[in-house]
Each structure stands twice: as C-alpha cells, then as structure tokens.
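First comes the structure, then the notes that go with it.
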Amino acid sequence: MSTTTDLPLVHAVNVTKSFHGNEVLKGIDMDVRKGEVVVLLGPSGSGKTTFLRCINQLETIDGGLIWVDGDLMGYEDRGGTLHRLTDKRIAAQRRDIGMCFQRFNLFPHKTVLENIVEAPVQVKGMSRKEAEVRARDLLEQVGMSDKPSAYPSQLSGGQQQRVAIARALAMDPKLMLFDEPTSALDPELVGEVLKVMRDLAQGGMTMIVVTHEMGFAREVADRVVFMDGGVVVEEGPPSQVITAPQHGRTRAFLSRMRQEEQAHARAVAEVVSAESAALDDAPAEE
Amino acid sequence: MTTPSTTDRPGKIDARPVRHPGRWVAIAVILVIIAMMVSSAVTNPRWDWGFALEVMRQNPVLEGLVKGTLLGTLGSMVIGVALGVVMAVMRLSGNPVLRGVSFAYTWFFRSVPRYVLLATMGSLGYLYPVLDLGVPFGQAAGLTFAQVDVNALSNMLVFGILGLGLSEAAYMAEIARAGILSVDQGQTEAAQALGMSPGRTMWRIVLPQAMRVIVPPTGNETIAMVKDTSLLLAMSITTELFFQTQAIGTRTLKIMPAYVAAVLWYLVVCSILMVGQAWLERYFGRGFGAAPQKAKQELTKIGADH
Ligand SMILES: Nc1ncnc2c1ncn2[C@@H]1O[C@H](COP(=O)(O)OP(=O)(O)OP(=O)(O)O)[C@@H](O)[C@H]1O
Ligand SMILES: [Mg+2]
C-alpha cells in the first residue's frame, strides 16, 4: 500500500530528549514514507509518547533533528545556524500533523460539530459554512453523523475518540499520530475506533500509531518499530517483528503481551460464563 | 431474622420516612423570633417605615444609587475583570518580564486597603496638580502630548471607578489564575496539536472553560463591590447611595430610617445580582453534565454564608 517516493514524510535523526536529567530518548532515528503505517511498540516508559510529542513539537527536543514533509520542525536553518521558531510559526507547522490522544481531549464546552469546525475556521480561516459541510462528511466517515450537536460528555469513549479523529482530519493533515487511542476504552468499544483507523490507513493516510493492539499491528502496519529504554531495538514488517522477533527484549515484551492478552481473554470469558450462569439461574427463582 | 418468602416477591416500597423532630422545633423557634421582630418593627414608631420608603425614592438617593453604586460597580468590575484576566494570563506566560510585572501589580494592590487607596488617589492632586503626558524629561523641549488637570479629576466618579477597578484587578487576577490552572493541560495540547497559536488557544479553548471556575467567585466579588462603592467617599465622591441616605438622615434627624433605606436598596441590588450570577453559571457550565446544578447548590450555600 505504501507508495515509494524519494523523500520520507517523516525524517528523524538522532533525536534525544531528557526530563530533568533523565534521558528518555537516546538517539532515535526514524523514517516514515508517505502512505506508510508504522506501529510503535514498547514497554511502559520506553519513550513512545515522548517521541510522538517531539514530532509535532509538543516537546522540544534536546538533540537531533526532525523533518516533516521537508520542514525542519521547530527551527529555521539560516546559513548553517539554527534559529528557534516563534510559537506562532511552530503552531503553523503543526497544522499538517493530526494527533489523537489516549484521553481524547475533546473540547468539553463545544458540541461535536463545533469541535470539528473550530480549527479549520480559526486557524485556516475557512468559512463556517464550508467547514460545517466538511465536518458532516467527516462525521459520516467515522460513523458519527447522528450526533453533531451532542456535547462530548454525552458520548461513550469510543464515540469521543472517533470524533477526535474527525477533528484532526478536518485540518487535512499529511500525517496522523495516534497515542494509544484505544487504551482508555472499554473492550467492547475498541473495535469501532480501530475500524476507523483501518479505513484511514486503507485510504492512504500516513500514520504513526502507538498501540498495544497486536491484531491491528499485524493486519494494518507496514512496519513495526519496537522501542525500549529510549532506543529503537528492532524494526521491520509485522510478520518479522511480531511473529519472529530477533531481539531478546522484543521477545520478552511480546510474550508478556501475549500472556496479558490471554489473561484478559480468560477474565472476559469468566465474566461472560458467570453472567450466563446467573441468567440460567434466574428463571429457577420464580 | 425473617426468611424472605420465595413465593411472595417484594413490590413497591411502602415505608415510614425518617422523622425530623428537631426541624419542627427549629421552625417554631424561628417563627417566634420573626414574630418578635415584626411586632417590634410595627409597634415601635421610631422605625418609621414610611419615611424609610420615602428616603428610598428621593432624587439624590436614586442618583447616588444609579451613578455611584450601580455605575461604580459596573465600571470597576469591568476594569477589574478585564485587567485581572490580563494579569492572570501574564502571570502564567513564559515571558519573565510579564510574569514579574503581574506579580508586582498584584502584590501592590492586594496590600493596600481599598479605603486607603481611594483616599491616597484622591490626594494625588497635591503631588501632581497637572499631569503632563509626554516623553520623559521632555517638558522643556515641548514634548508633552496631553495635560490632565488632576485636581479637577480627583473627586470625579471616573477616577473612583478607576481606583476600585485597579484594586479589584489584583483579586480578579488570582481568581482568573486559579480558573486557568483548573483547565486540563490536555485541552491546551489538543488545541496546539490542531495548529492553534498560544493566544487563540487561551482565548477560544482555555478561558471559556476557566469561566466555569471564575464566574462564581466573580459574582461574589461583584456583590462585594456593590458594598465597597460606599468607600468612594474617601475620594470625596458623594454621588453614592450610602452618603446620600445618610445625608438625609442627618438633616432630618431620622438617622435609623435613613439607614434602613440604604440597607433595603443594597438588598434589592444584591438579590438581582445573585439571579444574574446563577444564569451566567448555567451558560458557562454547558457541556459539563451535572456541574451547573452543583454550582447552583454551591451558590445558594454561598448566598447563605453572606
Ligand atoms: N513531562 C515529563 N516530565 C518528566 N518526566 C517525563 C515527562 N514525560 C515523560 N516523562 C518520563 O519519560 C519516560 C518516558 O515516558 P513516555 O510517556 O514517553 O513513555 P511511553 O513509552 O509512552 O510509556 P506508556 O506505555 O506508559 O505510555 C517515563 O519514564 C516518564 O516518566
Ligand atoms: Mg505513552
């Protein structure tokens, strides 16, 4: 599905980042081609979120450089000297990069439609009418066309995340970043969000996705990158990294994930059987 | 212990409610106290309710109410809220100069009592009978743009409104700061990720949500300001409710009924403000589920405290 072009859409070289002397990213290199879907895997604290936030400058990096679609993020190269960009110009660089958060972060004081229309009108100067037409199309695309005037607090987590995806898409991004978009959701709501993301990938969107959903990684990712301790340990197609990992740390992580998945499946099965047992008992009481 | 019967399933609950004998006692005591107050108010001619109502309708009193008290409250709160929000945003900005200015401002105006501030401002004409606005040290070269006659200004309502507003801004800055900090950091990040500039993020996303926290204490500040307009006298501003009623009281030697007239007017104005506050809270609480209802309960509690 990935189209081969000369310049990668995302070109990150030797990215380092510390928080109060604690080095969280220790020289990350990553290229993402246009149309490619990259899944970022790794244990908690390995720096996945931090790296995503560095790409769109929600964090400033200490070392290395990141280009997105040929733009050097956060800096301007004037005759060999780097100059930090103003907040306004960094904001302008972020327009083309959509981001979805673990906790959705919809604007609670705005309706679904207002959430989606906000950035196109305020940032791009699109007319409200035009933006609303586009917003309704996007709501259709994420299966939320029936609730344009609901407030976020009236929606389920899965619905909120789908609106958040529509809100990001309204800026016509070249790149979408997802930070564990389904990990705050009840299990039965995960599928609807993953479906929207799968459709998006099929439509040719370039995506970097942090997720623990192995099924999604296996089916949708063009490439899986495994991070641990602030470095990229291993990367390759999912068939290689997930099915036949080369590295000990990757193997350990994946087997832990598998155990958790199985434990989770067992727990769900137990709940289901307990519930059905209760249902079976119910008529006996009468 | 009774074993629940398996054949007879419990239906609609029909139980005796909990009794509250204490409440009935309290109601009785309160009724007695009210009856005593009413009887004294009716039987003691010195209350002179008729005269109090008369005073409430006098032209100087009405003028004082509208200009000094109402306009004074409105004007000083507009200045206070606007400047206070600016100060709060400055205090939370990344710019150390702005942070410092905001800190110094709140430090000064929170430290000086309002009465003292107004009295001092009223006497500024002693230092600067005429205020020249222009290039520093440029008077000799004729680089003065405007001249203000401070003595003429010092007992004008605008000057009093400015004084109260400057003082209020220091308190509003703290309230607005708490409101801004109460908004989840994820909101700012979501707005930034969409490419919104810091200013637009503050104005469109953070401040509207902060309003939910800012409005209730601002309502209290407004109500307090209605009462603080009586301090305008420190600046020799006499077009103000309390001074005018008091003046009638002293002139007619019916001091108490005149005070009652002032109290009644303050009660009316503050009651209306409380209704307005409840409406604002509902507006800024939209999208936050049950919060407006809770805020309303909070409001009635605050109202009871005062
Ligand atoms: N703002 C911050 N201040 C200080 N430390 C931080 C900050 N953000 C992240 N860290 C630290 O950086 C490390 C990497 O965090 P990060 O959130 O990137 O990990 P992650 O791979 O996304 O983990 P998870 O799977 O739990 O989300 C952690 O040790 C975390 O404590
Ligand atoms: Mg994370």
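The structure presented is a predicted model; accordingly, all values stated were derived computationally and were not measured. In the text below, chain A, chain B and the rest are named by the order of the sequence lines, each starting its count at 1.
Within the 4.5 Å cutoff, the side chain of A/R53 has heavy atoms near those of the B/E189 side chain. Counting heavy atoms from C-beta on, the side chains of B/M196 and A/E118 come closer than 4.5 Å. B/Q192 places a side-chain heavy atom less than 4.5 Å from the side chain of A/L58.
Counting non-hydrogen atoms of neighbouring residues, nucleotides and ligands closer than 6.0 angstrom, the CZ atom of A/R128 reaches no more than 12 such neighbours. No more than 12 heavy atoms of other residues, nucleotides or ligands shown are found within 6.0 angstrom of CD on A/E140. Enclosure of atom NZ in A/K88 is not indicated, since only 12 or fewer non-hydrogen atoms of other residues, nucleotides or ligands lie within 6.0 angstrom.
The OG1 atom of B/T188 lies 9.5 Å from the CG atom of A/N105; values are rounded to the nearest 0.5 Å. Atom CD1 of residue B/I205 and atom NZ of residue A/K110 lie 5.5 Å apart, to the nearest 0.5 angstrom.
Neither the backbone nor the side chain of A/P152 comes within contact range of chain B; no heavy atoms are under 4.5 Å apart. Residue A/F107 touches chain B through both its backbone and its side chain, counting heavy-atom pairs closer than 4.5 Å. Interface remark: A/L106 contributes backbone atoms only to the contact with chain B (heavy atom separation under 4.5 Å).
Looking at every heavy atom in both residues, B/P198 comes nearest to A/D87 through CG-CB, 3.7 Å. The two atoms that bring A/A168 and B/L194 nearest to each other are CA-CD2, 4.2 Å, heavy atoms only.
The greatest number of non-hydrogen atom pairs below 4.5 Å with chain B, out of A/R94, A/Q122, A/R95, A/R103, is found for A/Q122.
Not a single donor-acceptor pair under 3.5 Å links the side chain of A/N56 to the backbone N or O of B/A193.
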